[in-house]
Amino acid sequence: YTAVQYVFKAAVYNRRADPQNTRSEIQRCVPRHCGGGAVNSQEFSELLQSTQRHISAVYSGAVNGNKKEQLRAYTEQYLRQSGYTDETELKALTDRLYSEMAEYSVLTKYLGRKDIEEVNINGWDDIAVTYRNGITEKADEHFLSPRHAEDIIKRLLHHSGMIIDNASPIAQGHLPGNTRITAVKSPVVDEDRGIAASIRLLHNSDITTGKIVTVGTATNKMVDFLCMCLRYGVSFLVAGATSSGKTTLLNALLDTVPDGKRIFTIESGSRELSLVKKKNGKVVNNVVHTLSRPSEDEGLNIAQEDLVVAALRFDPDIVVVGEIRDSEAYSAVEASLTGHTVVSTIHALAADAAHTRLALLCQKKFPIKFETSLSQAAQAFPLVVFAHRLEDSNRKIMDISECIVSGDGNRQYHTLFRYSITENTVKNGKYIIKGHFEQPEIMSDSLKKRLLQYGAPADVLRKFETKGADYK
């Protein structure tokens, strides 16, 4: 539907208007809404319905297509006819009604915001907003009813052609501006809650390795170690839960890659990595960004796995899979085992859990003996970085682990760096977490050999052969 079609659809749903009743409709709303201070939810709901009926009846021939400014003007005119004279109140109500009819109701003001990370609709009357600084707050506003919440989420999902209804109560989609939405409705959620949804706003990262150190996510030495591995041919995974900072960390590390190296990125649905550098209007580095294109039509479907295979024909120095989540895991493992540098994120806990999940995903492509898949996963990605968001909303690299696979396939994990928590208390409702970084072990001889073979200078390697979480 176009914006105006939504107005007509809602008008038909509420009650088909009779042009002869328009004036009485206006008069009916005057004593209830005008001159009585703030409009409550029930009054606003009735005003919204009467506005929709009025515009549908009187202006259906004049308003067409996507002429939203006409809709705003007719809404304001209707309110003036209804008796609203206070200009401040008139503008506020016009904006609110317009947002209901042509935009996304109470969600409109949050979409596209640079300081917001996620908007969670837990039910029609419960909206929580998570900001990029990690703070989560409950919104003062909410939808008018379960049906109202459902209608607005359907409107959002329409952007990506997705439908949510009783037959398909779970839907995922993408919005303009690099925003991802996942929604579930009754009967998956309780009918009196209406619908639940997660709206994730994906921002081009402006976080550098310097900022990662400054905010305490890692030390200089840890960041330098990962940058060295990335530059000199060591594939690794960044593991962690949602909102743990995996992609932000990966983006910052990739930003340190010399401009002459070719980077090929692969993501699904929406782009979070932003690596192209420009100077004086000219691109100075060597980056190819790609997105998968899921489709139920097998002939039109382009999966991440297809893009991994295609990437190897571009002679890349580094292949980046935004998140390994399906059978592309096998192609990523194969690419790394055949000498390509591959980095990715994965939803998992620390090293052993990340390799286990990777092996399980590989099984979806070729269900060989699981121990073989596990061994291949560990050989392909000998390093795993575990990122985590603590209870105080601070993000930390909790550990960087190396896995050594012996000739008989046995795996041994060694923690090269970790964050050790010494205090975790709650005072006056606030979390107080203290800790420090440490380096329990140094890298293995096999990892040093691989780095040297790919061109790492010996004096650079020596910086990491002395224990210590940071440089002295």
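Annotation: side chain of Thr217 is not in contact with side chain of Val223 (no heavy-atom distance under 4.5 Å).
Nearest approach of Val188 to Val184, heavy atoms of both residues: CG1-CB, 4.1 Å. Between Gly194 and Pro146, the closest heavy-atom pair is CA-CB, 3.6 Å. A pairwise comparison of heavy atoms in Ile195 and Lys185 identifies CG1-CB, 3.8 Å as the closest pair. Counting all heavy atoms, side chain and backbone alike, Arg450 lies closest to Gln379 at NH1-O, 4.4 Å. Between Leu358 and Ala329, the closest heavy-atom pair is CD1-CB, 3.7 Å. Contact detail for His355 and Phe381: the closest heavy-atom pair is NE2-O, 2.8 Å.
Rounded to the nearest 0.5 angstrom, Lys364 NZ and Ser373 OG are separated by 13.5 Å. Atom CZ of Phe386 and atom CG of Asp399 lie 7.0 Å apart (nearest 0.5 Å). One distance of note links CD of Glu323 with CG of Leu250; it measures 11.5 Å at 0.5 Å rounding.
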task: Could you give me the CA-CA distance, side-chain angles and deciding distance for Ser406 and Gln412, then say whether side chain to side chain donor-acceptor pair (under 3.5 Å) is met?
output: CA-CA 8 Å; Ser406 62; Gln412 289 186 338; over 6 Å; no
Item to complete: Step by step, work out the ring-ring contact (aromatic ring centres under 6.0 Å, His included) result for Phe417 and Phe225.
Response: CA-CA 10 Å; Phe417 296 93; Phe225 175 74; 5.8 Å; yes
Using the rule given for side chain to side chain donor-acceptor pair (under 3.5 Å), can you reason through Asn285 versus Lys261, listing the C-alpha separation, both sets of side-chain angles and the distance that settles it, and then say yes or no? CA-CA 8 Å; Asn285 61 343; Lys261 285 186 174 286; over 6 Å; no
_Intermediate values then yes/no, ring-ring contact (aromatic ring centres under 6.0 Å, His included), Trp124 and His148_ = CA-CA 8 Å; Trp124 71 273; His148 180 222; 9.1 Å; no
Exercise for review: Starting from the C-alpha separation in whole Å, work towards a yes-or-no answer on side chain to side chain donor-acceptor pair (under 3.5 Å) for Glu267 and Thr290.
Suggested key: CA-CA 6 Å; Glu267 294 179 86; Thr290 64; over 6 Å; no
Show the atom names and distances, to 0.1 Å, of all donor-acceptor pairs under 3.5 Å that link a side chain in residues 234-242 to residues at least two apart or in another chain.
from, atom 1, to, atom 2, distance (Å)
Ser235, OG, Ser336, OG, 3.0
Ser235, OG, His340, O, 3.4
Ser235, OG, Val342, N, 2.9
Ser235, OG, Val342, O, 3.3
Thr242, OG1, His347, NE2, 3.2

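The local environment of NZ in Lys138 is crowded, with over 12 non-hydrogen atoms from other residues, nucleotides or ligands closer than 6.0 Å. Shown here is Glu191, whose CD atom has no more than 12 heavy atoms of other residues, nucleotides or ligands within 6.0 Å. Summarising the local packing, CG of Asp408 is surrounded by more than 12 heavy atoms from other residues, nucleotides or ligands at distances under 6.0 Å. When the shell of 6.0 Å around CD1 of Ile163 is examined, it contains 12 or fewer heavy atoms from other residues, nucleotides or ligands. For Lys448, the NZ atom is densely surrounded, since the number of other residues' heavy atoms within 6.0 Å is greater than 12. Within 6.0 Å of CD on Glu141 lie more than 12 heavy atoms contributed by other residues, nucleotides or ligands.
Listed for the Asp317 side chain is a donor-acceptor partner under 3.5 Å among the backbone atoms of Arg262.
Taking the six-membered ring for Trp and the full ring otherwise, the centers of Tyr330 and Phe366 sit less than 6.0 Å from each other.
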